[in-house]
Amino acid sequence: MDELLNEYFNFEIMREAFPDVIRGFWFTIKLSVLAGILSLIWGLILAVLRQTPGKLGAIIRWPTIAYIDIMRGLPQLIIILLVFGFFGELADSGILPIEVAIPRWFGQPDPFWYGTLAITLCYGAYMAEVYRAGIEAVPPGQTEAARSLGMSHGQSMRYVIVPQALRKVIPPLLNDFIALMKDTSLVAFIGLQEVVQVGRDVQQTDFNSSALMLGAILYLIVTIPLARLLDYLIARQQRRESRGGGDDDNAGADPSMSSAGGVGLHGG
Amino acid sequence: MADDEAQTAAHEAPTTALPGAGVNESGAILSLRGVHKSFGKLRVLAGVDLEVQRGTVTCVIGPSGSGKSTLLRCINLLAPPEQGSIMLEGKELAQNVKGDDLDYVRQRVGIVFQQFNLFPHMSAIDNVSLAQRKVLGRSESEAKEKAESLLLRVGLGDKLDTYPDRLSGGQQQRVAIARALAMEPHVMLFDEVTSALDPELVKEVLDVMRELAAEGMTMVVVTHEMHFAKDVADRVAFMDGGVIVEYGPPAEVLGNPREERTKKFLGLVLEH
């Protein structure tokens, strides 16, 4: 029993590793926030492109759907490794200037930027699907009203549909963000010294998991409040909708119901 | 080609006796000929002819599923017809609908829906001013001024900053009417606008519509309110099975119908 306790909660090792673990976790936070924001934006762009109307719109619609399907169908780790290889090749062949092929912007190492790109590519696709569910949950009468007033498709999306969709999708987007945060640990595979990698290094030298455990605790300090917040938002939304706010009582089509169930659904 | 035939027929319209012809030969603002519309295999409109004179109120009555709402959606091209012609102020619309045609129609035709369809994330005044700014290019102050005067006119001067979920159904519907009027349409379409309202709220909406009619707005009103049709309509069209079965002044169609189907429908509606 003492050995088990020592394996996970050796305070001596925790204290020693603390600065490195914190530094690693700081990478995790930075990467999560940056990739999270970029995924939110990229996902919204994809979702709107996917709604392009008309026959000509298919030229935009189909590649967007293909992209989303591919990104959703691949493990995050593969995408990270492929992005890493791609830029390595670009750097070797000199197609891209070296500052772009091996970016060290804002004092962050290149795996940080490869990771940001790879996670955004993947989570943008996940989030596009969340936005889409939100857009489709806006009652069709809203589009009809906007169009009948003379607004173009783009205007009705921008001023009428998307603002309403955004309110509906905040909980599932937050859910995706929690999953994204956990997936940042995969960037360790291409050499980022984020929190899991720091813990692994200690595990391999000291044969002790306490540093990893410390990282796990740091993760939970962030993710558990987020999960509580998520539940609160869903409950609030349900209350609002059961109160019957107007004519949009399609609880069945509510995207927060469909995907909020499994935190970490996309986890690698 | 069938399209060409329909087009030719449309141009020859004045020579043929149409429902609606005769109120004022030169004043037809809207003229429908042979309008067909299907949704998949379901044929909803099976050749509708209708002429609407400027400044008149046409009420469309009929059982559920007779195609009344679809007719309105055809007119403003929310659901463009597959066949037939729609002339609006002398311009043919139903053939090869293009973006320009949509702009043309929607600048001239306003519609009010059964379910109000107010934008729930905006206050009443923003509901009424949004399209003015984005479509007509009015400045914010100009649009708000117009919105305020319209909301005042429909009796909601004290609800400018209220959101739809804090308004009763009747109030929401009046905001929706103000929103459509803000675009200064030449024709207003009303799609069963009182059907989703509690009985005690129906009157406030109908009163606004009566005023509009009295001011000379051209209106096409799909409704189940027979009293409104009797009092306000210049013409009543009874629809069943995707066609206009009977058409004429309200005294004739409602008071002394010729067609069996009209009699049967009115019998069912007026019984209670």
Side-chain angles (χ1 to χ4, degrees), chain A residues 44 48 52-57 59-60 131 134-171 233 236-251 253-256, chain B residues 69 72-73 75-80 97-99 102-122 126-137 163-169 171-173 175-176 178-185 187-189 191 196:
Chain A
L44 184 57
V48 170
T52 315
K55 284 199 186 93
L56 263 174
I59 301 170
I60 298 169
Y131 284 121
I135 288 169
E136 286 174 359
V138 176
Q142 291 290 312
T143 309
E144 288 196 343
R147 298 307 298 270
S148 75
L149 290 165
M151 285 188 234
S152 65
H153 171 80
Q155 285 174 326
S156 77
M157 286 297 273
R158 173 157 174 215
Y159 300 111
V160 177
I161 307 304
V162 170
Q164 292 183 58
L166 289 184
R167 294 175 186 209
K168 294 173 191 275
V169 298
I170 290 170
L233 289 175
R236 198 181 62 166
Q237 198 161 51
Q238 266 170 338
R239 266 203 312 278
R240 198 184 305 157
E241 261 156 41
S242 64
R243 209 173 55 209
D247 57 320
D248 56 347
D249 284 355
N250 21 14
D254 189 337
S256 65
Chain B
S69 295
L72 296 189
R73 274 150 214 268
I75 292 172
N76 80 345
L77 301 183
L78 277 176
V97 179
K98 289 187 294 286
L102 289 180
D103 293 344
Y104 180 90
V105 173
R106 289 171 188 165
Q107 274 162 21
R108 285 167 178 74
V109 179
I111 185 165
V112 183
F113 302 93
Q114 181 177 353
Q115 295 296 338
F116 330 133
N117 296 342
L118 290 185
F119 306 137
H121 58 302
M122 291 181 193
D126 287 340
N127 262 279
V128 183
S129 39
L130 176 70
Q132 293 186 62
R133 286 162 51 208
K134 302 305 171 193
V135 179
L136 302 179
Y163 281 76
D165 65 348
R166 299 276 166 217
L167 294 171
S168 73
Q171 290 169 333
Q172 289 192 53
Q173 196 57 293
V175 174
R179 181 174 68 175
L181 289 176
M183 308 307 283
E184 292 168 5
V187 181
M188 282 281 282
L189 311 177
D191 186 8

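Worth saying up front: this structure is predicted, and the values here are computed from it rather than measured. In what follows, every chain begins at residue 1, and chains take the letters A, B, ... in the order their sequences are listed.
- Heavy-atom proximity under 4.5 angstrom to chain B picks out A:Ala146, A:Arg147, A:Ser148, A:Leu149, A:Gly150, A:Met151 from residues 146-153 of chain A.
- The candidate from B:Val105, B:Asp103, B:Leu130 with the greatest count of non-hydrogen atom pairs under 4.5 Å with chain A is B:Leu130.
- Closest non-hydrogen pair, A:Ala145 versus B:Phe113, comes out as CA-CE1, 3.7 Å.
- Separating the NE2 atom in B:His121 from the OH atom in A:Tyr159 is a distance of 11.0 Å, to the nearest 0.5 Å.
- In this structure, no portion of B:Val112 lies under 4.5 Å from any heavy atom of chain A.
- Within the 4.5 angstrom heavy-atom criterion, only side-chain atoms of B:Arg73, from C-beta onward, approach chain A.
- A pairwise comparison of heavy atoms in A:Gln142 and B:Leu118 identifies NE2-O, 2.8 Å as the closest pair.
- Both the backbone and the side chain of A:Glu144 come within less than 4.5 Å of a heavy atom of chain B.
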